[in-house]
Every structure is written in C-alpha cells, then in structure tokens.
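Working notes, structure below.
Values below: all heavy atoms of this structure, side chains included; hydrogens, waters and symmetry mates excluded. Here, residue 1 is the first one in the sequence, and each next residue gets the next number. Both counts, for ligands and for their atoms, begin at 1 and track the order of listing.
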Amino acid sequence: MSAGRAVTFAHANIALAKYWGKRDVANNVPAVPSLSVTLEGMRTSTTLELDGSLSADTFELNGTAAPTDALARTVTLLDRVRREAVRATYARVSSQNDFPTASGLASSASGFAALALAAVTAYGLDWDTARTSDLARRSSASAARSLLGGFVELGNELPSSGVLGAKQVAPPDQLDVRVLVCVTSEGQKAIGSTDGMGRTATKSPYYAAWVERAPEMFGELKAALLAKDLERVGELTEASALAMHASAFAAGVVYVTGATLEAMTRVRELRASGLAAWATMDAGPHVKVLVSRTDSAAVKAAMERVPGVLRVLEAKPGAGAGVIEGGK
Ligand code: 2P0
C-alpha cells in the first residue's frame with residue numbers, strides 16, 4: 001500500500017574528489033568516480049502528496065512556483081517513479097532550503113535527494129538506499145551522494161543491474177573537520193554544471209588528461225580518508241579541484257573570479273603559516289575550505305577578511321537523507 005504522502009529531508013554535499021564529465025549522457029553516468037562529504041545543517045525539506053484531482057504535477061520551491069526547468073526535471077523523476085509503481089496519480093511537491101539560496105551551495109544535490117526519497121516513499125516503492133540513490137543520480141549525479149551521510153563515493157560505471165547508487169565510505173566522525181563555505185558573489189549566473197561538463201568534454205585539450213588522472217586521485221583520497229590522514233585528504237581535495245577547473249578553463253568554462261583567486265591564495269598562506277586548510281571550488285565562484293575542527297575558528301576569521309568574500313558559513317559532516325513522515 002502506498003503512503004500517498006511523504007515528508008523527507010536531505011543535506012548538501014561537497015565533493016573532495018570531483019565528478020566532472022559524463023561517460024553516458026543518456027543515463028547520466030559520471031566519467032570519473034567522486035568522493036564527497038555530506039554537510040549537516042544545509043538541508044532541503046520536501047513534502048510530496050499524491051492527489052487524484054491534479055491534471056499535472058506541481059512544484060513549489062521556497063514558497064513560490066518553481067522555474068519551468070526545475071519543474072520539468074522534477075516531472076522526469078516522478079515519471080520514472082510512476083512507471084515503476086504502476087500508478088499514474090500526479091503529485092504536489094513543495095521544497096524548502098534552510099540554507100540561504102544565494103549561499104553558493106548548489107541546492108540540486110540536496111533537492112533531488114530529498115525528492116527521490118519522497119517520491120519512492122509516497123508512491124509506495126519498497127526500495128533500498130542504493131536504488132533511491134540511483135534514481136537521484138539520474139536527475140543530478142551529485143544528488144546520489146546526498147542520500148548518504150558522512151563520506152560518500154559514487155562510481156563511474158553502470159553495473160549490469162542498471163543500478164548505480166552512491167555508497168558510504170566512512171561515517172561523519174571519520175575526520176575531525178569542518179567545511180567553510182566562503183561566499184564570493186550573490187546570485188551570479190554561472191554556466192550550469194551539465195553544460196559546463198559538455199563543453200569541457202568537447203572543447204578542452206585537457207579533458208582526456210582529467211578523465212585519466214581523476215580516478216587515481218579518487219583512489220588515493222579514499223585510501224587517505226580510510227587511514228584518517230587529513231593532511232593527504234586535504235592535498236588531494238585541492239588537487240582534484242584544481243585539475244577539474246584546469247580542464248574546464250581550457251574549454252572557456254571559467255567559474256573562478258578575482259575573489260575566488262584571492263580566497264584560494266589566502267588558504268595557501270594560512271596553510272604555510274601552519275593551519276590545516278585546503279580549498280575546493282565547484283561550478284561557481286565560491287571557495288569551500290576543508291579545515292581541521294581545531295583550526296576552523298582562526299581560518300573562518302581570516303577568510304571573512306579576504307576582499308571579495310561576502311560571508312562564511314561553517315558546516316560539519318552530517319547525516320544522510322531521511323523520512324520524517326510517510327515511511328514504514
Ligand atoms: C561534484 N559538481 O562532484 C561536481 C564538482 C560540480 C563541480 O556534481 O549534470 O548538478 O546534474 O549530473 O550533479 C555538479 O553537477 O550535474 C557537480 P548533473 P550536477 O560535486
């Protein structure tokens with residue numbers, strides 16, 4: 001029996017070993033494996049109700065009707081679930097992000113993770129986390145990782161089962177770290193990730209080198225994480241981001257700004273002065289700093305003084321997605 005209604009949550013995640021590029025565009029299979037940390041406190045909450053009186057799905061985001069492209073991506077996910085559940089009823093979806101929308105943290109990861117879990121629950125599918133994560137991956141690959149807590153990996157090959165979900169590598173307390181999100185601009189329109197990856201794959205002379213090297217960096221980072229070697233995790237985190245951005249840069253896909261470079265430079269200076277801090281950047285101009293818990297306050301204070309850094313949010317490793325209402 002279907003619950004018919006579900007309330008779920010999921011948190012944002014930051015990739016330490018980056019995903020950039022697609023092996024299989026139609027099935028949204030990444031070209032390289034990735035490893036992320038799920039962040040506590042940066043949360044999307046989603047309510048999904050089946051309603052037999054609806055003639056189409058509806059999607060409200062932060063209290064207003066979602067943009068057309070976000071609605072279309074939501075409908076695509078719901079259509080997949082309806083086919084599996086053999087149930088045609090449309091749904092009313094409402095999502096809220098509790099982190100500032102202009103925080104520079106992409107909400108698509110937590111958003112699609114919370115949506116996938118809500119849809120599976122409300123349509124009454126008895127799926128495990130791997131299958132729900134696979135569903136989220138098909139909408140946005142980084143979302144697959146937000147189903148799980150702590151340190152999480154996502155592979156780059158579709159198994160014969162057809163299910164490629166993310167897996168937890170280590171619990172949240174594996175490393176005593178914080179992530180400082182250094183916001184460098186408000187609402188700047190960057191090149192979307194999917195578009196940026198596509199342009200990098202077709203235009204960058206360095207894309208092949210990225211695809212060859214990234215799996216090695218992923219493997220080295222995973223080993224360092226399992227060994228609780230923060231120094232090595234940090235080095236590889238920064239190296240992965242620089243390699244990803246170098247490959248994109250050569251295709252004219254430029255996410256960094258002057259403020260990004262100022263912030264990255266400051267992180268290097270802080271590290272040279274003995275603080276445990278490493279920078280990483282995603283498909284936008286903001287800088288996220290992986291920092292040891294003990295150095296977090298000092299690094300945060302320093303980053304707040306960097307010209308072009310508007311504010312700094314602090315997050316710690318957190319839990320995976322969960323069902324608040326509607327589960328078994
Ligand atoms: C990541 N990013 O590993 C990388 C690093 C951004 C830079 O995953 O095309 O929104 O929807 O699968 O997941 C952002 O890309 O891309 C992303 P699609 P997604 O976190």
In one Ile/Leu/Val/Met/Phe/Trp/Tyr side-chain cluster, 4.5 Å: Val312, Leu290: no

Single-linkage hydrophobic cluster, 4.5 Å side-chain cutoff, Leu225 and Leu154 together: no

Charged N-O contact under 4.0 Å between Arg5 and Glu49: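 A salt bridge is present here (some side-chain N lies under 4.0 Å from a carboxylate O).
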
Pairs of nitrogen or oxygen atoms, one from ligand 1 and one from the protein, closer than 3.5 Å: please tabulate them with distances.
residue, atom, partner, partner atom, Å
ligand 1, 3 (O), Tyr19, N, 3.0
ligand 1, 3 (O), Arg145, NH1, 3.0
ligand 1, 3 (O), Arg145, NH2, 3.4
ligand 1, 9 (O), Lys22, NZ, 2.5
ligand 1, 9 (O), Thr194, OG1, 2.5
ligand 1, 10 (O), Ser140, OG, 3.0
ligand 1, 11 (O), Arg73, NH2, 3.4
ligand 1, 11 (O), Ser140, OG, 3.0
ligand 1, 12 (O), Tyr19, OH, 2.8
ligand 1, 12 (O), Lys22, NZ, 3.2
ligand 1, 12 (O), Asn28, ND2, 3.2
ligand 1, 12 (O), Ala141, N, 2.8
ligand 1, 13 (O), Ser140, OG, 3.2
ligand 1, 13 (O), Ala141, N, 3.4
ligand 1, 13 (O), Ser142, N, 2.9
ligand 1, 13 (O), Ser142, OG, 2.7
ligand 1, 15 (O), Ser193, OG, 3.4
ligand 1, 20 (O), Arg145, NH2, 2.8

Side-chain heavy atoms of Asp57 within contact of Val93, under 4.5 Å: no

Close side-chain approach of Pro317 to Val177, heavy-atom, < 4.5 Å: yes

Under 3.5 Å donor-acceptor, Thr64 side chain and Glu60 backbone: no

